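Below is one structure; the comments refer to it alone.
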2 protein chains.
Amino acid sequence: MPKPATIIDVAREAGVSIKTVSRVVNREAGVHAETREQVEQVMARLNYRPKQSARSLAGGRSFLIGLLYYDPSAAFVGGVQQGATLRCREAGYHLVVESLHNDAPDLPMQVDRMVSALRPDGMILTPPLCDNPQVLKALRDSQTPCVLISPAADDPEHPSVRMDDVHAAEEITNLLISLGHQRIAIIKGAKDQVASKRRYQGYAAALKAHGIPLDKDLVVQGDFTFPTGVEAAYQLLSRRQRPTAVFASNDEMALGVLVAAQRLGLEVPGDLSIAGFDDTPAAARVWPPLTTVRQPMDDMARAAVDLLVGTRASDGGGQVVVTSGSAQHKVLKHELIVRDSTAASVDKPTRARKAASA
Amino acid sequence: MPKPATIIDVAREAGVSIKTVSRVVNREAGVHAETREQVEQVMARLNYRPKQSARSLAGGRSFLIGLLYYDPSAAFVGGVQQGATLRCREAGYHLVVESLHNDAPDLPMQVDRMVSALRPDGMILTPPLCDNPQVLKALRDSQTPCVLISPAADDPEHPSVRMDDVHAAEEITNLLISLGHQRIAIIKGAKDQVASKRRYQGYAAALKAHGIPLDKDLVVQGDFTFPTGVEAAYQLLSRRQRPTAVFASNDEMALGVLVAAQRLGLEVPGDLSIAGFDDTPAAARVWPPLTTVRQPMDDMARAAVDLLVGTRASDGGGQVVVTSGSAQHKVLKHELIVRDSTAASVDKPTRARKAASA
DNA sequence: CTGAAAGCGCTTACAG
DNA sequence: CTGAAAGCGCTTACAG
């Protein structure tokens, strides 16, 4: 097992200085085409791979991007990570992940340790960490560039990438209305998350646009978890004037509604239409599969990496760029996924059941 | 923004040589208690953080552990990553993740690029990558230590961590038998994965131990995906002699069985008991929630990190260590999760429905 | 277009 | 128990 080739070996073999090899490696302009080719051949022959730690120490760049997340089971983390890791590879970077407790007492220190040790070239923050002042401060102190994914508000200091929650919620409510529903309930998300507010806004806007009065009895508070979805559904479905459709602010809660409806002997979508938000894997694996909104998490993550490494994205994704303060804010397109949990409203729902066939 | 303190700053302030500071940082023995304390105080005051790239370049250790995975949505990847990232932090390491296509033509090169650039101190491989000869070869060529999570077979060369699939499948089948079921079907997992074979073995062993003949009509091939679960269920449930229970080799397929049963108008668990394997998040979010087996993915990942960084695990987890060849093989305990998708067998299932109450 | 020198911030042998 | 020297493998200014 010979030792891996170094830049010196390549330079010697190619008959040039190490500086020239360095220029070829970094694709810098100003190298004779012949020289470049010559060097590249030697690099290939020697199987030369520049060593990150040396590049990092000398050049001040680590070629590392950090991804900070809180709840690993959160639906969007997987998508974000997938998009980020693939884009990093394309750009010659690597993704370092760190699972953090949003309310750990030593959160700032944990962030500082990672940043000071690794000196990543950039950080990607997911909710709720991207809205945590302590985390943001620790990152600012270390002067690490970061991009926020779906932050509560557009921060003038940090670039961000998000989708349009208001619009998406409006679309999904419009869908329900177009199916003839008038009594459409909503289960709101966690109070402290802005996504909850935005989705409620979209719901309210859609009702208003169609002249449907907003009935407070049809608005129930949840917190984005499955159990609150179940509980909220029991509340809603026990009213004398039952809603004919429920828009849950995320899939987790929508699954809870589905379970509650089934336990109460209601047929979905015959007796009740259900819509969610997120398009989690489970949403397509229940019966009936859920109508929901797909957040383009992977595209958002790719855009975040691009913002960090300064690559020009291949666009074409219909991105809207909002500028607030000095930082860039990208808004990516979502997608309405219409499946079988929503159907036309029936005024007097029959309790009859039809055994569906394959 | 002053530049971060270096080892030289600390040495100067503390009135010692940088070598002594280095010794304190690395917790090496042979430093006067007073000297150590003195240095530690200065480090704290200057907020000193050793720079990884410098340590790595000089010392030949990167303090990086790589995690290679294929399908990001696979239930176990999340658990593995969570356990690995937490244990890494405790040990002063960081986790670099890489999503790879198991059948990408340039797989070996992708692995080589990562390893040559980062020189991670170790790699954790998850199925099916841990059984991919090309990946293993690339890693061997680079002399990177690696630990396999749930590999197909105990490799004499690489240490591994896994659970006892045979035993777990046997337990879950025993549970079904103890509930009075005699016609218990199994949906097998993907043909090329050893977990499929092992779970089938456990199923067969349990039947045999109870003198129940193995009925070939009750054995259906699946491939661990949701659609094959649905399809297999339709096959099984359309037989004139329907099974009263189905053991799906993973939750994904069990969810498929549940959907199929519901579409056929069967009540679960009244008409049919269903058991899965994995304890995915969705398993607890459907109605009825699935009886399944929890794989201790996070513990397995922690054990893998320990194997790599040479830390002594706090044991107590009832680990069994098997030695084959020169490498260590750990077998961790699983857990049977009994929920509502399984119930006592009823000979003549009634088609009557009772609307369950809260 | 190309190169010689210095230096990034640590750790590894060696000494004492 | 402690330290002075060399060196890890690159990149950054500077020259030419």
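Within every chain, numbering begins at 1; the chains are lettered A, B, ... in the order of the sequence lines, protein sequences first and strands thereafter. All values reported here derive from a predicted model rather than from experimental measurement.
- Contacts of Lys19(B) with the nucleic acid, taken as non-hydrogen atoms under 4.0 Å apart, include base atoms.
- If you check every strand for non-hydrogen atoms under 4.0 Å, Thr35(B) touches sugar and phosphate atoms only.
- Within the nucleic acid shown, Ile18(A) comes within 4.0 Å of at least one base atom, counting heavy atoms only.
- At a cut-off of 3.5 Å, with distance as the only test, no side-chain donor of Tyr48(A) or Glu13(A) sits close to an acceptor on the other residue.
- Shown here is Glu28(A), whose CD atom has more than 12 heavy atoms of other residues, nucleotides or ligands within 6.0 Å.
- Put simply, the side chain of Gln134(B) reaches to within 4.5 Å of the side chain of Pro108(B), judged on heavy atoms.
- Scanning all heavy atoms of the two residues, the minimum distance from Met163(A) to Met300(A) falls at N-CE, 4.0 Å.
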Practice task
Toss me the dot-bracket line for DNA chain D: Watson-Crick and G-U wobble, both under 3.5 Å, 5' to 3', using | for pairs to another strand and [ ] for crossers.
Solution key: |||.||||||||.|||
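- Taking the nucleotide of DNA chain D with the nearest heavy atom to each of Ser22(A) and Arg36(B), the more 5' of the two is matched to Arg36(B).
- Val96(B) places none of its side-chain heavy atoms less than 4.5 Å from the side chain of Leu95(A).
- When the nearest nucleotides of DNA chain D are assigned to Ala29(B) and Pro50(A) by heavy-atom distance, the more 5′-ward of the two goes with Ala29(B).
- By the 6.0 Å contact criterion, CZ on Arg36(B) is enclosed, its count of non-hydrogen atoms from other residues, nucleotides or ligands being greater than 12.
- In this structure, Arg61(B) reaches neither bases nor backbone, as no heavy-atom distance under 4.0 Å exists between it and the strands shown.
- The distance between the ring centers of His101(A) and Tyr70(A) falls below 6.0 angstrom.
- With a heavy-atom cut-off of 4.0 Å to chain B, the contacted part of DNA chain D has its first and last nucleotide at dC1(D) to dG9(D).
- Rounding to the nearest 0.5 angstrom, the gap separating the CG atom in Asp154(A) from the OG atom in Ser160(A) is 4.5 Å.
- Within the nucleic acid shown, Val25(A) has no heavy atom closer than 4.0 Å to any nucleic acid atom.
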